[in-house]
Amino acid sequence: MANVAVIGAQWGDEGKGKVVDWLASRADIVVRFQGGHNAGHTLVVGNQTYKLSLLPSGLVRGKLGIIGNGVVVDPEALLAEIARVRTQGLSVTPETLRLADNATLILPLHSAIDRARETARGDRKIGTTGRGIGPAYEDKVGRRAIRVCDLAEPETLSEKLDELLLHHNTLLAGLGAETFEKQALLDDLLRLAPQILPYAEPVWERLDEARRAGRRILFEGAQAVMLDNDHGTYPFVTSSNTVAATAASGSGIGPSAIGFVLGIAKAYTTRVGSGPFPTELHDATGQLLGERGREFGTVTGRKRRCGWFDACMVRQAVKTGGIHGLVLTKLDVLDGLPELNICVGYQVGGETLRHLPAGQRAQAAATPIYETMQGWSGTSGGARSWAELPAQAIKYVRRIEELVEAPITVVSTGPERDDTIMVRDPFED
Ligand code: GDP
Ligand code: IMO
Ligand code: MG
């Protein structure tokens with residue numbers, strides 16, 4: 001298969017950035033197709049660490065990066081990120097980065113609404129990144145959104161701002177938050193236009209040409225299946241579809257072009273923000289995983305919640321996400337633990353289930369049924385072949401493979417690009 005899509009199989013931060021960077025050496029183009037600067041993808045290359053939010057991770061390998069129409073783009077954040085990575089020596093120019101002209105823009109009022117709503121929700125808050133992602137997608141579906149192409153049409157901008165402000169200022173006033181002035185927003189957009197427009201084009205056309213020329217396209221997902229707006233732990237989810245199917249609609253290419261779908265899962269589980277997490281650990285082991293795995297959010301710096309590997313959840317993500325093969329990351333973090341638990345089912349109100357139920361209360365009530373495995377005393381950290389892995393670590397990987405009903409095609413044993421064991425090349429599948 002020529003193309004590969006990388007998607008998260010848990011609640012995000014599985015190591016998608018590392019995997020995309022590693023695979024990008026064999027790709028020609030890397031495309032982001034959903035989410036926005038709520039994503040935080042960390043790439044460790046020698047002594048440099050790159051933290052990317054909106055920019056496709058393939059830029060670090062000098063590959064063409066495309067931001068698809070399914071992404072919500074904060075123009076200020078995009079320009080700030082471009083400036084930041086340039087100081088690290090990366091070249092980001094209209095030759096190396098293309099932006100869909102029909103992508104939706106995030107404006108300052110979106111993050112204001114995001115934050116005001118979270119405050120109003122009190123202890124039922126979702127724990128969003130506060131970056132305006134949800135409100136921007138709402139505007140897109142509500143047919144009010146300002147899009148990249150509108151930056152070239154001052155009159156369209158002016159008309160759309162009238163409609164947007166009618167909607168949002170009413171809401172902001174109702175939430176007791178500060179309202180926005182049209183002229184200041186318009187001036188900002190007109191100031192940003194000449195900086196953003198050189199990157200803009202109908203990217204679907206470039207992707208079509210690339211496809212016909214046999215170029216390899218790598219689709220880089222953000223967030224993860226359990227944060228998917230339909231298939232995740234709703235309402236504690238993000239506002240886009242994160243499943244592999246979105247790679248097609250979010251970049252303007254047909255579904256048959258997606259190719260091999262690679263799901264990324266940590267060898268344990270983490271989550272940032274609120275919402276159900278059946279295998280969460282509130283004890284010393286949870287703390288140990290957090291410390292060893294350096295589990296702090298890339299975007300917000302929040303501590304990630306940690307727990308055991310949930311095979312039911314990942315199995316569900318495999319099915320709904322369309323995952324053909326899995327990368328199991330951060331196996332090294334489990335080194336030295338005497339015993340490991342894997343969730344193989346849930347107890348929900350006297351019933352035993354093999355999947356996470358859809359209801360909010362049912363999800364909160366799901367208690368895990370564990371299978372216990374012996375840990376390993378050797379180290380898997382930095383292993384680059386099966387032969388270097390402790391026998392018990394291989395058993396753990398094999399058991400997970402059985403339970404989630406998908407082959408494990410790659411194992412990651414450290415943050416560095418080459419701390420990776422390839423079982424099967426996803427580009428060759
Ligand atoms: P993403 O959002 O899915 O791209 O993941 P993040 O970059 O937010 O979080 C994953 C973190 O784990 C990053 O700091 C990576 O450098 C790190 N990482 C990725 N793979 C491994 C691994 O196999 N072992 C260890 N120890 N760290 C890893
Ligand atoms: P990457 O791509 C982990 C979570 C937020 C919150 C929920 C909704 O790095 O894996 P939003 O701001 O999207 O409206 O927040 O989704 N969230 C993430 N958690 N990794 C991410 O991205 C996330 N992007 C959003 O914490 O619970
Ligand atoms: Mg992340």
Side-chain angles (χ1 to χ4, degrees), residues 6-22 32 34-45 49-54 56-57 71-72 74 106 110-111 113-115 117-118 125-138 220-229 232-240 242 263-268 270-277 289 291-305 327-335 379-384 410-421:
V6 167
I7 63 168
Q10 293 160 323
W11 279 298
D13 303 325
E14 298 90 350
K16 297 178 288 295
K18 173 194 157 158
V19 174
V20 170
D21 170 61
W22 176 74
R32 274 285 307 271
Q34 46 72 229
H37 64 316
N38 50 348
H41 300 170
T42 306
L43 286 62
V44 181
V45 184
T49 298
Y50 301 95
K51 290 184 184 293
L52 303 178
S53 277
L54 265 171
S57 295
V71 177
V72 281
D74 181 327
I106 300 184
H110 292 123
S111 52
I113 298 233
D114 193 354
R115 283 180 274 117
R117 278 216 199 110
E118 282 284 88
K125 70 172 193 283
I126 290 161
T128 71
T129 58
R131 303 234 157 156
I133 306 296
Y137 276 116
E138 285 171 37
E220 177 179 10
Q223 292 84 52
V225 177
M226 285 298 142
L227 288 171
D228 181 281
N229 196 255
T233 47
Y234 193 90
F236 300 97
V237 293
T238 192
S239 293
S240 62
T242 57
I264 319 297
K266 272 180 203 175
Y268 50 100
T270 64
R271 169 163 212 171
V272 201
S274 331
F277 183 171
L289 291 176
E291 282 162 16
R292 282 225 199 126
R294 302 203 182 141
E295 298 295 356
F296 292 92
T298 316
V299 172
T300 56
R302 287 176 292 176
K303 217 173 171 177
R304 296 179 185 141
R305 300 154 65 192
V327 181
L328 197 68
T329 63
K330 300 192 116 170
L331 188 67
D332 52 301
V333 174
L334 301 178
D335 282 357
T379 168
S380 68
R384 295 178 181 187
V410 179
V411 177
S412 170
T413 57
E416 293 265 353
R417 203 176 249 182
D418 296 324
D419 296 340
T420 309
I421 303 170

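FYI, the numbering just counts along the sequence from 1. None of these values were measured; they are calculated from a predicted model. Counting convention: from 1, in listed order, for ligands and their atoms alike. Every heavy atom of this structure was used, including side-chain atoms; hydrogens, water molecules and symmetry mates were not.
Comparing Gly17, Gly40, Ala224, Ala39 by heavy-atom distance to atom 6 (P) of ligand 1, the nearest is Gly40. Counting heavy atoms only, Lys330 comes closest to atom 11 (C) of ligand 1 of the residues Lys18, Lys266, Lys330, Arg417. Within the set Val299, Asp332, Val272, the minimum heavy-atom distance to atom 26 (N) of ligand 1 is found for Asp332. The residue among Asp13, Asp335, Val44, Val19 with a heavy atom at the shortest distance from atom 10 (C) of ligand 1 is Asp13. Checking Thr42, Asp419, Leu52, Val411 against atom 14 (O) of ligand 1, the nearest heavy atom belongs to Thr42.
Annotation: salt bridge (charged side-chain N to carboxylate O under 4.0 Å, His left out) contacts of Arg302 (sequence neighbours excluded): none.
Geometrically, ligand 1 and Glu14 share a nitrogen or oxygen pair separated by less than 3.5 Å. Remark: ligand 1 and Val333 share no N or O pair separated by less than 3.5 Å (distance only, no angle test).
Using a 4.5 Å heavy-atom threshold, the side chains of Glu220 and Val6 count as separate. The shortest distance between side-chain heavy atoms of Gln34 and Tyr137 falls below 4.5 Å. At least one side-chain heavy atom of Leu289 sits less than 4.5 Å from a side-chain heavy atom of Leu334. Using a 4.5 Å heavy-atom cutoff, the side chains of Asn229 and Tyr234 are in contact. Using a 4.5 Å heavy-atom cutoff, the side chains of Ser412 and Val19 are not in contact. Residues Ile133 and Val72 form a side-chain contact, since some pair of their non-hydrogen atoms from C-beta on lies under 4.5 Å apart.
Summary of contacts: the protein heavy atom closest to atom 16 (O) of ligand 1 is Pro415 CB, 3.5 Å.
Protein residues having at least one heavy atom under 4.0 Å from any atom of ligand 2 are Trp11, Gly12, Asp13, Lys16, Asn38, Ala39, Gly40, His41, Ile126, Gly127, Thr128, Thr129, Ala222, Gln223, Leu227, Val237, Thr238, Val272, Gly273, Arg302, listed by chain and number.
With 3.5 Å as the limit, one finds a donor-acceptor pair spanning the side chains of Arg271 and Thr233. Side-chain contact of Thr242 with Gln223: a donor-acceptor pair under 3.5 Å is absent, judged by distance alone.
Taking a 4.0 Å cut-off on heavy atoms, Gly12 fails to register as neighbouring ligand 1. Residue contact annotation: Gln223 has no non-hydrogen atom under 4.0 Å from ligand 1.
Residues Ser239 and Gly134 approach most closely at OG-CA, 3.2 Å, considering heavy atoms. Scanning both residues, Ile113 and Pro135, for their nearest heavy atoms gives CG2-CG, 4.0 Å.
The atoms of ligand 1 that sit less than 4.0 Å from any heavy atom of Arg304 are 8 (O), 9 (O). Near Ser412, meaning under 4.0 Å from one of its heavy atoms, ligand 1 places the atoms 20 (N), 21 (C), 22 (C), 23 (O). Contact atoms of ligand 1 toward His41: 1 (P), 2 (O), 4 (O), 7 (O) (distance under 4.0 Å to a heavy atom of the residue). For ligand 1, the atoms sitting less than 4.0 Å from at least one non-hydrogen atom of Gly414 are 20 (N), 21 (C), 22 (C), 23 (O), 24 (N), 25 (C), numbered in the order shown with element in parentheses.
Listed by first and then second residue, the salt bridge (charged side-chain N to carboxylate O under 4.0 Å, His left out) pairs involving residues 8-22 are Asp13-Arg304, Glu14-Lys16, Asp21-Arg61, Asp21-Arg417 (not counting sequence neighbours).
With waters left out, the protein N, O or S atoms under 2.8 Å from the Mg ion (ligand 3) add up to 2.
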* **Criterion side chain to side chain contact (heavy atoms under 4.5 Å, CB included) on Asp419 and Arg384, from CA distance to verdict** => CA-CA 6 Å; Asp419 296 340; Arg384 295 178 181 187; 2.9 Å; yes

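Side-chain N or O atoms of Arg131 include none that pairs as donor or acceptor with a backbone N or O of Ser111 at under 3.5 Å. At least one donor-acceptor pair closer than 3.5 Å links the side chain of Asp114 to the backbone N or O of Gly132.
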